[in-house]
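It should be emphasised that the depicted structure is a prediction, and the values quoted were computed from it without experimental measurement. The figures that follow rest on heavy atoms only: side chains count, while hydrogens, waters and symmetry mates do not. We name chains A, B, ... by the order of the sequence lines, and we start the count at 1 in each one.
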Amino acid sequence: MQVATQPLTNLFLRALYYNVQRLGLHIHPYLQKTIRPLSASQPSSCSLVLGYLQLLFWSRVNDRESVHPSALMSSIKEWMHLVFDPSPLGLAIAIILALSIPIFLHTVVFRASGLTTLPTILLIGPSGSGKTALLTLFERENKPATTHTSQAPLTAECSLPVDTVAASNKYRSVNDPTNQVHKKFLLVDTPGHGKLRHHAFQNVTNTSNLRGVIFVVDATTLGAGEEGLREAADYLHDLLIVMQKLMGEGKSSKAPKELPILIAANKMDLFTALPAALVKSSLEREITKVRVSRSKGLLDSGVGLGDEQDEEKDDWLGEMGSEDFKFSQMEEFDISVEVAGGNVLGADGASTESWWRWKIGALRYNIHEAEIAVGKIGRKPRVAMELRRLKMTTIDVESLEKEGEKKESGAQAVSRKKRKTRDGKRGKIEISEGKEVINLDGSSTEDETASETESEDGGPARKKLKSSTEPSTPSQAKKDLEKIRTFKVLKVDWYYDSVKAGKILPMDGYLVYEGRPVQEPAQDLISTNASPPSRGSDILARAVADAKSSPSTAYMKHGNARYHKPTKSVTRPTHLLHQTTSEHDDPEKFPPLPDYLTKLYSCERPTPLHSPNDEFINLLKKIKTARQLNSDAIGVRAYSTLIASIAAYPYKLTSPTEVLRLPGCDQKTALLFQQYQQTGTLAEVTDVENDARMKVLLDFYNIWGVGDHTAREFYSRGWRDRDDIIEYGWERLTRVQQIGVKYYDEFLTPIPAAEVEDIGAVVLKEANEIIPGYQMVIVGGHRRGKPFSGDVDIMLTHPDPEATLNFVPLITDRLEELGWVTNVLQHSLANSARGQAPVAYKSPRPSGSGFDTMDKALVVWRDIRYDKAKHEKNPNIHRRVDIIITPWKTAGCGILGWSGGTTFQRDLRRYVRKVKDWKFDSSGMRDRRDGEWLDLEGSVVGWGEGKLREKEMKVFEMCGLAWREPWERCTG
DNA sequence: CGGCAT
DNA sequence: CGTA
DNA sequence: GCCG
């Protein structure tokens, strides 16, 4: 049976390819990869590939104009005739069936939707640049006679030459669906004269299905200082602003998902022409000037006088605060800029290949044109995830129905939540007791079986089927709904089953997801009566947000630019701090500023664990985290500084002006305090806390082994909770990330001080079992006096340098054998690589003498003691423990380096750099000039009680710093 | 306007 | 890029 | 975001 079906399947697919191309159906690039495992009759291995893949192919609906309905119908009849004509050869029938299905797909699609317009490319540029010549050239290159459509005089309908596609993608298979390009498109010429520019710009904002813009410039007029350059830059600047605004609107109906612009440097055949690379740089330079002069003009006219910053921001091209304009700054707005040279006329004929290539790229099909997608996805959440990744925003029809019925929003999409409770299997990590090895491939098999059982019993598909056949509640909303075209995701089985059955089966049973694309506005879709129109006041936005249980942020762009995100609240009340001289505000009345608070480095002042302003500080810490998650490392640094500063202030702050006195605090900080004082909170904090994206990022960020970058990476894959990570990305996690996910909650559980000390005692005891004479200091937060710690930092040292050499593997192995340590997350060689002596990174010790000790191990700890009568398994939770080994001679540096808060550490390093020109790390101090190791603590002799503290104090002294107790280093 | 810990 |  |  399988032997027989195998070649058939191959033929089906080949035939499918052919027809897909013929009829302009878009196949997902991955289809090719997946066909092979499918036809090799290895369903299990293919589901691995498919589990990755997702949407196999989708139909698309553009270019439909090229197929006249009646022609289509006749061709259908033709095919049908062949299909049902009894043929002696089953194979032939099968092939024919395969051929017929795409056609059917096409008709279904055709019926289901309204006509959409041809993709359009705008031709813009200063007059004399050769636009019109280019337009005519493009028309002529298009072999069959072209016609100007009558309604728009400057519009030409063009088609790509058939061979262009293949020729420009030689390295690709012709069948590669990424080659699928709209063969017909509109080219719209716009007036080049300065006075008529706004027409051109109107075209940008008003054209539906805008695929790209070609800005034509005459490369011979772009020399430095030439008028042509200035004019072109001027025009281009304004054009880019228009595009930026359009894209910035984002959720607006017309904004495309991406909008490429080609700067076509024309007349490259002339030797006076500037090379393309130079065209690019000189335009960037000139636009920089234009940008500056425009913003000045704004200021002069009084528009952007500070109180209306938003206004100004809108008219600023590219990245705010950037010195030089670069085209790459437009990527923030999904606008890619390409500069390519060519010539329309010329002795050797026209040379426009690079421009064609660009156009092909711009005209490539994308999923937003599709109405049906087929894939081996059985579950709705997975569909949602894939669509998120493809930036295809749809509203789940089911949730819309609900919305319509309920009238009140608050209809949180249940699907995701439901899945979790329904699918108990999901999210479970295999924990093989005893060794506790993380099962690396466990989830992939689980994934397979899960999806297979799902397709067996129908799962959500059946549920959907039921709901769609149910007598519909006659609500207006729902009726409206049915008129609108939807985007459907079907299981591939629909296709295969249809082929097997020899006829097209109804889609219902295979429908995994049906959603309404959010492209077009449909304000009349649902009645709005829910909560006040928040930002954007876009009903659809909220509907989508609700559907994904992610409020307003659904559309929020999140580029890396600091400027882009800074949640509106930051700029909201930017009024200057108005100085009143009420009693509270009188600087005379403020408590005296302790002298240490004039110090810039936090290592110079005592910072206790708690301050009278803890509440305010905690809010600031939240902003700091938000900065981190938005990849604003400098913002993090800034907030760390000011938090440390406020944390050192021993009085309750009473007025914003009082804040201004503190180092690292300025206007911005004062304003924040004012806001806190008046409202008891900070708007940015509230915003961040209500921001679904930030919630997700924070959750990911809290995974040990996942930093802010990776958190964003996970988010960009469409994952929205840890279950998504486990289900879709487990194998791609690093080992430590897997451990981090596995013990997520346990690692976040605070460790009481007593337990910290207990763990320290165990480590010390075991160390002494190996080599007697070890001394131990618990460093980290516990040493700073925290009643609860996030982890346990144990520092071990031994007077004998031979003892500490290579000791880390010894202690971890022992603890692992005894069962205290369940996992070693990381062995670090930092100190060891230098041969334990922190000496001279410039003159490393000769290797070979066994200098390869590791100086720390980050491990997972679990208490092995429990009541075996009561518990079958060890009920103790896993803890994060760091075991640090330091040689005696630098123990003071080590302890110092491991005891302070982060900001204390940074400031200490900054301090010794500035004041002493030294370089500090926990393995010792070195002179920056010659790299020589500095023995700061050598004067402390002996190794008895209290010597370690003495050594640490010595380091302070040698640095010229006043001693700070560990609990005075709580910089946050 | 460069620098911001190692 | 992650950890400390 | 603040400092020099």
[X] [atom1] - [N] [atom2] separation (whole Å):
X: Arg735(A); N: dC1(C); atom1: CZ; atom2: P; value: 21 Å
X: Ile623(A); N: dG1(D); atom1: CD1; atom2: C1'; value: 11 Å
X: Arg627(A); N: dC2(D); atom1: CZ; atom2: C1'; value: 13 Å
X: Leu671(A); N: dC2(D); atom1: CG; atom2: C1'; value: 14 Å
X: Asp791(A); N: dT3(C); atom1: CG; atom2: C1'; value: 11 Å
X: Leu662(A); N: dC2(D); atom1: CG; atom2: P; value: 12 Å
X: Arg928(A); N: dA5(B); atom1: CZ; atom2: P; value: 11 Å
X: Asp907(A); N: dC3(D); atom1: CG; atom2: C1'; value: 12 Å

Given [options], which nucleotide is nearest the side-chain atoms of [X]?
X: Asp882(A); options: dC2(D), dA4(C), dG2(C); result: dA4(C)
X: Asp666(A); options: dA4(C), dC3(D), dA5(B); result: dC3(D)
X: Thr902(A); options: dA5(B), dC4(B), dG2(C); result: dA5(B)
X: Asp708(A); options: dG2(C), dA5(B), dG1(D); result: dG2(C)
X: Lys856(A); options: dA4(C), dC2(D), dC4(B); result: dA4(C)
X: Arg913(A); options: dT6(B), dC1(C), dG1(D); result: dT6(B)

Just to verify, what does [X] make a side-chain contact (heavy atoms from CB on, under 4.5 Å) with, not counting sequence neighbours?
X: Val736(A); answer: Trp704(A), Thr734(A), Leu825(A)
X: Trp963(A); answer: Arg949(A), Glu952(A), Met953(A), Phe956(A), Glu965(A), Pro966(A), Arg969(A)
X: Asp935(A); answer: Trp933(A), Glu937(A)

Looking at side-chain heavy atoms only, is the closest gap between Leu642(A) and Leu662(A) below 4.5 Å?
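No; the side chains remain at least 4.5 Å from each other.
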
Tell me what [X] touches on the nucleic acid: a base, only sugar-phosphate, or nothing, going by heavy atoms under 4.0 Å.
X: Val736(A); value: nothing
X: Leu908(A); value: nothing
X: Asp793(A); value: sugar-phosphate
X: Ser922(A); value: nothing

Working for salt bridge (Lys or Arg N to Asp or Glu O under 4.0 Å), residues Arg693(A) and Asp691(A):
CA-CA 5 Å; Arg693(A) 173 172 166 269; Asp691(A) 185 328; 5.4 Å; no

Between [X] and [N], is there a contact of a side-chain N or O with OP1 or OP2 at under 4.0 Å?
X: Arg637(A); N: dC3(D); answer: no
X: Thr734(A); N: dG2(C); answer: no
X: Arg906(A); N: dA5(B); answer: yes

Looking at residues at least two apart in the chain, or sitting in another chain, which of them share a side-chain hydrogen bond (donor to acceptor under 3.5 Å, both in side chains) with Asp699(A)?
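With sequence neighbours excluded, Asp699(A) shows a side-chain hydrogen bond (donor to acceptor under 3.5 Å, both in side chains) to Arg722(A), Tyr744(A), given in chain and number order.
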
Set of salt bridge (charged side-chain N to carboxylate O under 4.0 Å, His left out) partners for Arg879(A), sequence neighbours left out
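For Arg879(A), the residues satisfying salt bridge (charged side-chain N to carboxylate O under 4.0 Å, His left out) (neighbours in sequence not counted) are Glu755(A).
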
Which stems, defined as runs of 3 or more consecutive Watson-Crick or G-U wobble pairs with both pairing distances under 3.5 Å, involve DNA chain C?
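Stem list for DNA chain C: none, no run of 3+ pairs.
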
Donor-acceptor contact below 3.5 Å, side chain Asp614(A) vs main chain Ser611(A)
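Side chain of Asp614(A) to backbone of Ser611(A), a donor-acceptor pair under 3.5 Å: yes, one is there.
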
Let me spell it out: for each of Trp704(A) and His709(A), pick the nucleotide of DNA chain C with the closest heavy atom. Which residue's pick is nearer the 5' end?
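Result: His709(A).
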
Same-atom distance (P) from dC3(D) to dA5(B), integer angstrom:
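Comparing P positions in dC3(D) and dA5(B) gives a spacing of 15 Å.
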
